[in-house]
Amino acid sequence: MPELPEVETIRRELVPWVVGQRFVGVDVLDLTLLGAVSAEEFSRALLDRRVESLERRGKYLIFHLGGKALVMHFRMTGALLLNPEQNERYVRAVFHLSSGARLAFVDRRRLGVAWMEGADALSLKLGPEPLDDAFTAAVLMNSLKAHHIPIKAALLDQTVVAGIGNMYADEALFAAGIHPLRMADSLSDTEAQVLFESVRRVLLTAIGSKGASVDTYIRPSGQRGNAQSCFKVAHRRGEPCPTCGTIIERVPVRSRGTCFCPRCQQC
DNA sequence: CTTGGGACCTGGCTGC
DNA sequence: TGCAGCCAGGTCCCAA
């Protein structure tokens with residue numbers, strides 16, 4: 001699933017291909033990608049605009065177009081492919097750039113979304129970027145104190161910290177030695193500090209491996225990411241914990257599958 | 001206000 | 001072997 005490291009990888013790999021280019025055409029094959037907006041209205045707002053910069057906020061990818069912005073979210077199975085094969089499956093829209101390059105929004109489960117809006121006041125309701133300097137252990141601690149919910153659920157709350165999804169929440173909690181069902185407001189200062197550092201380290205490591213291709217995630221080039229090979233608990237139910245050898249368990253937390261080591265992460 | 005749970009979506013897997 | 005039904009999870013929406 002595209003979480004922060006996957007979207008950041010997509011952003012970095014697309015920058016040299018899109019920044020400075022104009023959108024000269026768009027083929028919308030699946031109207032549900034645009035929500036209630038018609039293809040005509042979407043095209044009118046997008047076409048002939050030049051990409052000034054490509055930004056990531058949380059799991060959102062934002063094409064800044066000078067006064068306007070094209071915003072995308074890939075949800076579960078969305079991806080952007082550069083110059084895809086003619087017979088590529090699950091293509092929902094194709095964007096044509098002035099360079100002649102094509103950018104295909106592919107999305108097997110069709111949950112992804114794309115829309116246009118004003119660039120000055122993006123409507124995204126997101127908490128701090130976990131890799132920004134403004135995000136500190138104290139910021140995390142203060143936010144957790146206001147939430148009487150399982151810490152796993154708090155990490156998935158995009159207003160607490162932006163960009164963490166199911167995989168990296170599990171990895172960060174394992175790295176911090178914290179049980180996923182611990183209440184967020186019960187963490188000590190020390191535990192919050194350790195979790196803060198774990199979140200950043202897990203995300204940075206995954207970006208270094210160009211994201212995790214555990215399901216359908218694929219980079220714009222069509223290559224896979226390799227972050228899944230560094231996972232210690234995520235998607236590893238039934239396997240031995242790399243630290244202590246205890247079998248990794250999987251429990252639902254707020255109806256999200258949650259993998260953890262019952263020995264390294266005690267309540 | 002907060003928290004919890006269902007809907008959305010489709011391919012792959014489980015079990016009869 | 002065939003197929004019904006469940007499961008995956010990010011976000012939105014609604015109910016308690």
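Keep in mind it's a predicted model, so treat the numbers as computed, not measured. Every chain is numbered from 1 and lettered A, B, ... according to where its sequence line falls, protein lines coming before strand lines.
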Between A/K125 and A/R109, which is nearer to the 5' end of DNA chain C once each is assigned its nearest nucleotide?
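Comparing both residues, the 5'-ward one is A/R109.
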
Start at the 5' end of DNA chain C and walk down; is the nucleotide closest to A/M1 or to A/Y60 reached first?
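Upstream on the strand: A/M1.
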
Looking at B/dT2, I'd like to know if its phosphate oxygens (OP1 or OP2) sit under 4.0 Å from a side-chain N or O belonging to A/H147.
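No.
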
Spacing of A/D107 atom CG relative to B/dG11 atom P, expressed in whole Å:
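The distance from CG of A/D107 to P of B/dG11 comes to 11 Å, rounded to the nearest Å.
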
Interatomic distance where CD1 belongs to A/I151 and C1' belongs to B/dT3 [whole Å]
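About 15 Å, once rounded to whole Å.
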
Using a 3.5 Å distance criterion without hydrogens, assess whether the side chain of [X] forms a donor-acceptor pair with backbone atoms of [Y].
{"X": "A/D170", "Y": "A/A234", "result": "no"}
{"X": "A/N83", "Y": "A/R102", "result": "yes"}
{"X": "A/H147", "Y": "A/I149", "result": "no"}

Once you build an axis from the first five pairs and another from the last five of the helix from B/dT2-C/dA16 to B/dC16-C/dG2, how far apart in angle are they, to 10 degrees?
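About 60°, once rounded to a multiple of 10°.
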
Does the side chain of [X] come under 3.5 Å of the side chain of [Y] through a donor N or O and an acceptor N or O?
{"X": "A/E3", "Y": "A/Y217", "answer": "no"}
{"X": "A/R92", "Y": "A/T32", "answer": "yes"}
{"X": "A/H96", "Y": "A/D27", "answer": "yes"}

Check against salt bridge (Lys or Arg N to Asp or Glu O under 4.0 Å), A/R44 and A/E41:
CA-CA 5 Å; A/R44 206 179 317 123; A/E41 188 182 344; over 6 Å; no

Taking any atom under 4.0 angstrom from a heavy atom of chain A, which nucleotides of DNA chain C are the first and last to qualify, 5' to 3'?
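Range of nucleotides within reach of chain A: C/dA8 to C/dC12.
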
On DNA chain B, check which nucleotide each of A/A146 and A/R110 is closest to and give me the residue with the more 5' one.
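Here A/A146 is the residue nearer the 5' end.
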
I would like to know whether A/K125 and A/Q158 meet side chain to side chain contact (heavy atoms under 4.5 Å, CB included); could you show each step before the answer?
CA-CA 8 Å; A/K125 293 192 258 320; A/Q158 301 299 296; over 6 Å; no

Does A/R250 reach a base, just sugar-phosphate, or nothing at all? Heavy atoms under 4.0 Å.
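If one applies the 4.0 Å heavy-atom cut-off, A/R250 turns out to touch the sugar-phosphate alone, with no base involved.
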
So A/Y90, base contact, sugar-phosphate only, or nothing? Heavy-atom distance under 4.0 Å.
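Here A/Y90 touches the backbone only, sparing every base.
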
Hey, what are the protein-to-nucleotides 4-8 of chain B N/O distances that come in under 3.5 Å?
unit_1 : atom_1 : unit_2 : atom_2 : d
B/dG4  : OP2    : A/R254 : NE     : 2.4
B/dG4  : OP2    : A/R254 : NH2    : 2.6

Test: A/R57 and A/E129 ion pair at under 4.0 Å
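Salt bridge flag = yes for A/E129 with A/R57.
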
For a side chain to side chain donor-acceptor pair (under 3.5 Å) with A/S98, tell me which candidate from A/R22, A/Q21, A/R50 qualifies.
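Of the listed options, the one satisfying the test is A/Q21.
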
Could you state the interatomic distance from CD1 (A/I178) to CG (A/L187), rounded to the nearest 0.5 Å?
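The distance works out to 4.5 Å.
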
